[in-house]
Student: 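Got a structure for you, questions after.
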Amino acid sequence: MAISLKNLAVGDSGKIIGFEPSGKAYRKRLLAMGLTPGTEFSVTRFAPMGDPVEIKLRGFSLTLRKDEAAILLIEKL
């Protein structure tokens, strides 16, 4: 079942399963940052107002804005 990154809490893990069809503007950028289908990550922290969110994947930390994170389809692990 695909969920959004905003449905995860700090410390939760997930796996990227795809992208929202409406997110073509950000898709290429996210792929270039290493957010490819099948990539596992963990949520490190959320900013006080919920934007941005920091995730840890492939040995580095990555910060995503709400708009970027919204197009990721993920599966909770």
Side-chain angles (χ1 to χ4, degrees):
M1 182 174 112
I3 60 172
S4 176
L5 189 58
K6 66 182 176 185
N7 296 92
L8 296 180
V10 173
D12 285 347
S13 295
K15 180 169 71 170
I16 299 169
I17 57 173
F19 302 94
E20 289 283 345
S22 61
K24 290 186 179 188
Y26 292 120
R27 186 174 190 263
K28 189 173 182 180
R29 185 176 178 192
L30 294 172
L31 288 168
M33 287 190 270
L35 296 168
T36 57
T39 303
E40 294 184 8
F41 66 91
S42 62
V43 179
T44 308
R45 61 183 158 184
F46 286 96
M49 299 299 282
D51 186 30
V53 58
E54 183 180 279
I55 61 174
K56 186 167 178 90
L57 69 150
R58 299 180 189 219
F60 68 94
S61 294
L62 180 66
T63 304
L64 298 172
R65 294 246 170 235
K66 278 184 185 178
D67 294 342
E68 297 166 334
I71 70 159
L72 290 172
L73 297 176
I74 60 171
E75 176 183 293
K76 187 175 178 179
L77 299 178

Student: Between Lys6, Arg45, Lys66, Arg65, which is the residue that forms a salt bridge (Lys or Arg N to Asp or Glu O under 4.0 Å) with Asp51?
Tutor: Arg65
Student: Could you tell me the separation between the CD atom of Glu75 and the CD1 atom of Ile16, rounded to the nearest 0.5 Å?
Tutor: 11.5 Å
Student: Side-chain heavy atoms under 4.5 angstrom apart, residues restricted to Ile, Leu, Val, Met, Phe, Trp, Tyr: same cluster for Leu5 and Ile17?
Tutor: no
Student: Do Leu31 and Pro37 come close enough that some side-chain heavy atom pair is under 4.5 Å?
Tutor: yes
Student: State the CZ-CE distance between Phe60 and Met33, to the nearest 0.5 angstrom.
Tutor: 9.0 Å
Student: Could you state the interatomic distance from CG (Leu30) to CD1 (Ile71), rounded to the nearest 0.5 Å?
Tutor: 4.5 Å
Student: Please report the shortest heavy-atom distance between Ala69 and Val53, naming the atom on each side.
Tutor: CB-CG1, 4.3 Å
Student: Which pair of non-hydrogen atoms, one from Val43 and one from Ala9, has the smallest distance, and what is that distance?
Tutor: CB-O, 3.6 Å
Student: Can you name the nearest heavy-atom pair linking Phe41 to Lys15, along with the distance?
Tutor: CE2-N, 3.9 Å
Student: Determine whether Phe19 and Leu72 satisfy the following criterion, side-chain contact (heavy atoms from CB on, under 4.5 Å), listing intermediate values before the conclusion.
Tutor: CA-CA 5 Å; Phe19 302 94; Leu72 290 172; 3.5 Å; yes
Student: Enter the distance from Ile3:CD1 to Leu8:CG here, rounded to the nearest 0.5 Å.
Tutor: 4.5 Å
Student: I need the Leu62 CG to Glu54 CD distance, nearest 0.5 Å.
Tutor: 8.5 Å
Student: About how many Å separate CD1 of Ile74 and OG of Ser13, when rounded to the nearest 0.5 Å?
Tutor: 10.0 Å
